[in-house]
Amino acid sequence: AALDQRRAAAQRAELDVKNTEVRSPVTGQIGLQQVEIGGLATADQTVLATVSTLDPVYVTFSIPEADYVRFMRSHGTQAAAAAQARAATFQLILPDGSEYKHAGTFDFAAPSVSATTGTLALRARFPNPDNLLRPRMNVRVRLVLDEVPNALLLPQRAVTAFLNKQFVTGIRPGHHAGPRAVTLAARAPPPATHTYAPEHG
């Protein structure tokens, strides 16, 4: 009985020593330590440090709910729309205006539309082997889902509405300016985006 007690005490001591080692559940880059050596740390409460996974990186962005409805209707069924989203290629425009060399893929769509902004949150996954992308970096997402032949892109301020019709000012023969009726398609505002890397305390 005494031998069994000593063995149990030894096992508890080994477990206590093992518990002094804190290992990150993910592989990534660690930030500054939040607790100094000798400081008090409480399990599941004290954050020792934050580890961010840098490869891959997830980019979150939002689209207007009207664009979501048009996308779903153009594909007929939810399965077809989901297949198109998974097959689409996402591109990133970096803060300096250059294009990121690695393409991304669709990863996640929020289950509901934001009641505050009227937008649907989406997420794309991008490889980051060179660690060029960083968490919270502001980037732009570019995605081609449809092509409209012979269409012109105009700034909204160039369009005038009158009696439920839209007009733009054009140059007529004789170099005279005058209104011309146009048919408008969907507006295409650039969405604000940022990168997100999962962080673990």
Side-chain angles (χ1 to χ4, degrees), residues 24-31 49-159 166 182-201:
S24 172
V26 297
T27 300
Q29 185 174 15
I30 191 170
T50 299
V51 178
S52 300
T53 58
L54 297 179
D55 188 19
V57 165
Y58 297 92
V59 179
T60 58
F61 59 99
S62 300
I63 61 173
E65 56 186 350
D67 290 348
Y68 165 75
V69 171
R70 279 191 293 268
F71 175 74
M72 294 297 294
R73 284 180 174 172
S74 65
H75 290 80
T77 64
Q78 182 176 0
Q84 172 65 23
R86 288 191 295 267
T89 300
F90 293 78
Q91 295 177 325
L92 277 187
I93 307 300
L94 300 176
D96 63 353
S98 63
E99 183 177 320
Y100 186 55
K101 64 180 181 180
H102 299 288
T105 56
F106 174 77
D107 180 72
F108 171 79
S112 61
V113 174
S114 171
T116 304
T117 62
T119 59
L120 179 68
L122 304 176
R123 190 173 74 179
R125 173 176 172 157
F126 287 83
N128 191 30
D130 302 326
N131 291 339
L132 178 62
L133 301 178
R134 291 286 175 168
R136 312 306 176 192
M137 179 183 289
N138 290 315
V139 297
R140 287 182 296 157
V141 175
R142 183 164 61 194
L143 173 64
V144 178
L145 293 177
D146 192 14
E147 293 185 1
V148 181
N150 301 322
L152 296 177
L153 186 63
L154 297 173
Q156 182 65 30
R157 62 178 179 272
V159 180
Q166 288 77 34
V182 294
T183 300
L184 299 181
R187 296 180 60 181
T193 63
H194 66 275
T195 60
Y196 169 73
E199 297 179 343
H200 301 268

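Because the structure is a prediction, the values reported are computed rather than measured.
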**Student:** Return yes when atom OH of Tyr68 has more than 12 non-hydrogen atoms of other residues, nucleotides or ligands closer than 6.0 Å, and no otherwise.
**Tutor:**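 Atom OH in Tyr68 is not packed in, count stays at 12 or less.
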**Student:** Out of Leu54, Asp55, Leu94, which residue meets the side chain to side chain contact (heavy atoms under 4.5 Å, CB included) rule with Leu133?
**Tutor:**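 Answer to the side chain to side chain contact (heavy atoms under 4.5 Å, CB included) test with Leu133 among Leu54, Asp55, Leu94: Leu94.
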**Student:** Might you point out which heavy atoms bring Pro129 and Tyr100 nearest each other, and give the distance in Å?
**Tutor:** CD-OH, 4.3 Å
**Student:** Do you know which two heavy atoms are closest between Ser112 and Leu120, and how far apart they sit?
**Tutor:** O-CD1, 3.5 Å
**Student:** Students often mix this up, so state it plainly: with edges at 30° and 60°, are the rings of Phe126 and Phe90 parallel, tilted or perpendicular?
**Tutor:** perpendicular
**Student:** Is a donor on one side and an acceptor on the other found under 3.5 Å between the side chain of Asn128 and the backbone of Val57?
**Tutor:** no
**Student:** For the atom pair CD (Glu99) and CZ (Arg140), what is the distance rounded to the nearest 0.5 Å?
**Tutor:**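 The CZ atom of Arg140 is 10.5 Å from CD of Glu99, to the nearest 0.5 Å.
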**Student:** Would you compute the distance between atom CG of Leu92 and atom NZ of Lys101 and round it to the nearest 0.5 angstrom?
**Tutor:** 13.5 Å
**Student:** Quick one: does Thr119's side chain get under 4.5 Å of Asp67's, heavy atoms only?
**Tutor:**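 They are not in contact (no side-chain heavy atoms under 4.5 Å apart), so the answer is no.
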**Student:** Is Asp130 reaching over with its side chain to a backbone N or O of Leu132, donor-acceptor style, under 3.5 angstrom?
**Tutor:** no
**Student:** For Pro127 versus Ala103, what's the shortest heavy-atom pair and its separation?
**Tutor:** CD-O, 3.4 Å
**Student:** For a quick test of reading the model, state the closest non-hydrogen atom pair linking Ala121 to Ser62 and the distance between them.
**Tutor:**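 Smallest heavy-atom distance, with atoms named: CA-OG, 4.0 Å.
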**Student:** Can you tell me how far apart CZ (Arg123) and CZ (Phe106) are? Round to the nearest 0.5 Å.
**Tutor:** 9.5 Å
